[in-house]
Amino acid sequence: MAKFQSLPGFRDFYPDAFARRNHIFRLWRQTASAFGFAEYDAPVLESLELYKTKSGEEIEAQLFSFTDKGGREVALRPEMTPSVCRMIGARANALKRPIKWFSVAEYYRYERAQKGRERAFFQFNADLFGEPGPEAEIELIALLTQCMCAFGLTEQDFYVRLSDRNLWFYYLEALGLDDARTRAVLSAVDKFEKAGDDAFKPYEEQFGPLESQLKARILAFLDVKSLPALEQILAPLGGEKLAARLGDWRRVLGGLEAMGLARFVEVDLGVVRGLAYYTGFVFEAFDRKGELRAIAGGGRYNDLVAKLGGPDLPAVGFAIGDVTLGLLLEARGLMPAFVNACDIYCVIGGEAERRVAFADIHALRAAGYRVDYPIREVAFGKQFKLAGESGAKLALIYGADEIAKGVVKVRDLTDRAEQEVLRDDVLAVVRGFFGGE
RNA sequence: GCGGUCAUAGCUCAGUUGGUUAGAGCACAAGAUUGUGAAUCUUGGGGUCGCGGGUUCGAGUCCCGUUGGCCGCCCCA
């Protein structure tokens, strides 16, 4: 066993793992770009105060934080939202609306690592600033969905649960609950899926027994799984706020349906996302089989930019983690078997032939082809085996016979067809081969 | 932070009631093989049996501690 190993929750990325990670990043970036989102990044280290302001004092226990040599209290970023809000807030007046930004970055949280949860992990993070209407939610949920589908995942594999903190506030208000009771109920709702009736214990300790009729109405709200059901349960309550909010719901779900994404989205008011900073719609993505932790989560946070010192600026954002998504892709056989393949492998006779080959190898590399060859002299037969294992599509054969004739033998490693090519024509032939793919 | 469980080669694992020098497959390397591919055969390198202590004539095996993995709780921005 090695004397040193990586810290708990921190992963080594050997080339195969790195290739898988890059595959995920590549499709995320490609997808975000297709949606017109611009990539940015922020510092890995921020002032501890930034996170305390956003999340409260307790957050420090979950952070990699320390005092730097200048006496500053700092923390490794546990998420992107405070940083991006800081950046946006500082230039809000100069940025064209809507502001659509994304990032792919590493985050650090001092928590117990478990399957699907590391202490250092990557997230795709996307935010849309400056749009108060539900069109922003449509854009982001569509992006989230496509960021999963790009890997070949389908509605059989994952779904997005859509909820709304505002709707809960309006609903509970209509049922006569004050602000403190409403928050306690939401806290119970958050835990209800896992804890069942026990979830209401903290509420009852604080406010006394929950009336059975009230509880029934809360549970009925949790049972709502569709827009018609939502309309039905809210109809008797009336009120302008509820009616307006239902209109927002119709726009979000209608927009997603028009994009052909309705099959991924389920109404599920059981999602409230903790005591976070969310101010409206919230959503989370899960695997259909329910075997994994949440894959992605997000929602609207209209107050945060101002809270961190910027102007009032409505915002919606979400993040997808690399760990859970990676587990899902592996489980569904959607992680390609990566070989760090080259394009061309050169088979070289001896020292004299090697000098000739080197000229072509370098020219091909300079032209942008991935070219490899045995670093030491190796038996011919073995070189063909190495060529096959290299993943290359072409082999160039530099033997004494070929050099004497001024040619190079070009072997198509897929169909094993060979042709002799004048050395001067090698680059052109290679271009023709790869250009015609 | 709390509880449960596990830890033998790069990977997957075997290792008898405690008993000689800890094994296999895969992977890696060399050779058979200086002219044609995923093969075969031969050979080799690689282990403080996670780490530390204890019991014992003797510990991979039993006991205690510790570190790490996994599972659950807290948390999950």
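Residue numbers begin at 1 in each chain, while the letters A, B, ... track the order of the sequences.
When each of A:F10, A:Y107, A:Y51 is tested with A:F64 by the rule ring pair (Phe, Tyr, Trp, His ring centres under 6.0 Å), just one qualifies, namely A:F10.
If you check every strand for non-hydrogen atoms under 4.0 Å, A:G349 touches nothing. At a threshold of 4.0 angstrom between heavy atoms, the contacts of A:R119 with the nucleic acid are absent. Using a 4.0 Å heavy-atom cutoff across all strands shown, A:A400 reaches at least one base atom of the nucleic acid. At the heavy-atom level, A:D412 lies under 4.0 Å from base atoms of the strands shown. Base engagement by A:P78 is indicated by at least one non-hydrogen atom pair under 4.0 Å involving a base atom. A:G116 comes within contact range of no nucleotide atom at all, as no heavy-atom separation falls under 4.0 Å. Within 4.0 Å of A:K409, counting heavy atoms only, lies at least one base atom of the nucleic acid.
With B:C74, B:A30, B:A77 as the candidates, the nucleotide lying closest to the side chain of A:R273 is B:A77. The side chain of A:R117 approaches B:C74 more closely than any other nucleotide in the set B:G35, B:C74, B:A77. The listed nucleotides are B:C75, B:G37, B:C74; the one nearest the side chain of A:E111 is B:C75.
Within residues 319-334 of chain A, no residue has any heavy atom under 4.0 Å from RNA chain B. Of the residues in residues 379-392 of chain A, those lying under 4.0 Å from RNA chain B by heavy-atom distance are A:A379, A:F380, A:K382, A:F384, A:K385, A:G388.
Looking at residues two or more places apart in sequence or on another chain, you find a salt bridge (charged side-chain N to carboxylate O under 4.0 Å, His left out) between A:E330 and A:R20.
Annotation: side chain of A:D68 is in contact with side chain of A:F66 (closest heavy-atom distance under 4.5 Å).
OP1 or OP2 of B:G72 has at least one side-chain nitrogen or oxygen of A:Q114 nearer than 4.0 Å.
Going from the P atom of B:U42 to that of B:G52 covers 38 Å, rounded to whole Å. Taking the P atoms as reference points, B:C75 lies 34 Å from B:C13, given to the whole Å.
Cation-pi geometry between A:R300 and A:F281 is not met: the NZ or CZ atom fails to fall both under 6.0 Å from the ring centre and inside 45° of the normal.
The base of B:G35 lies close enough to the side chain of A:E402 for a donor and an acceptor atom to sit less than 3.5 Å apart. Looking at A:E377, its side chain has no donor and acceptor atom pair within 3.5 Å of the base of B:U34.
With a cut-off of 3.5 Å on both Watson-Crick or G-U wobble distances, the partner of B:G58 is given as none.
Minimum interatomic distance between A:L76 and A:L63 (heavy atoms only, all atoms of both residues): O-CD2, 4.4 Å.
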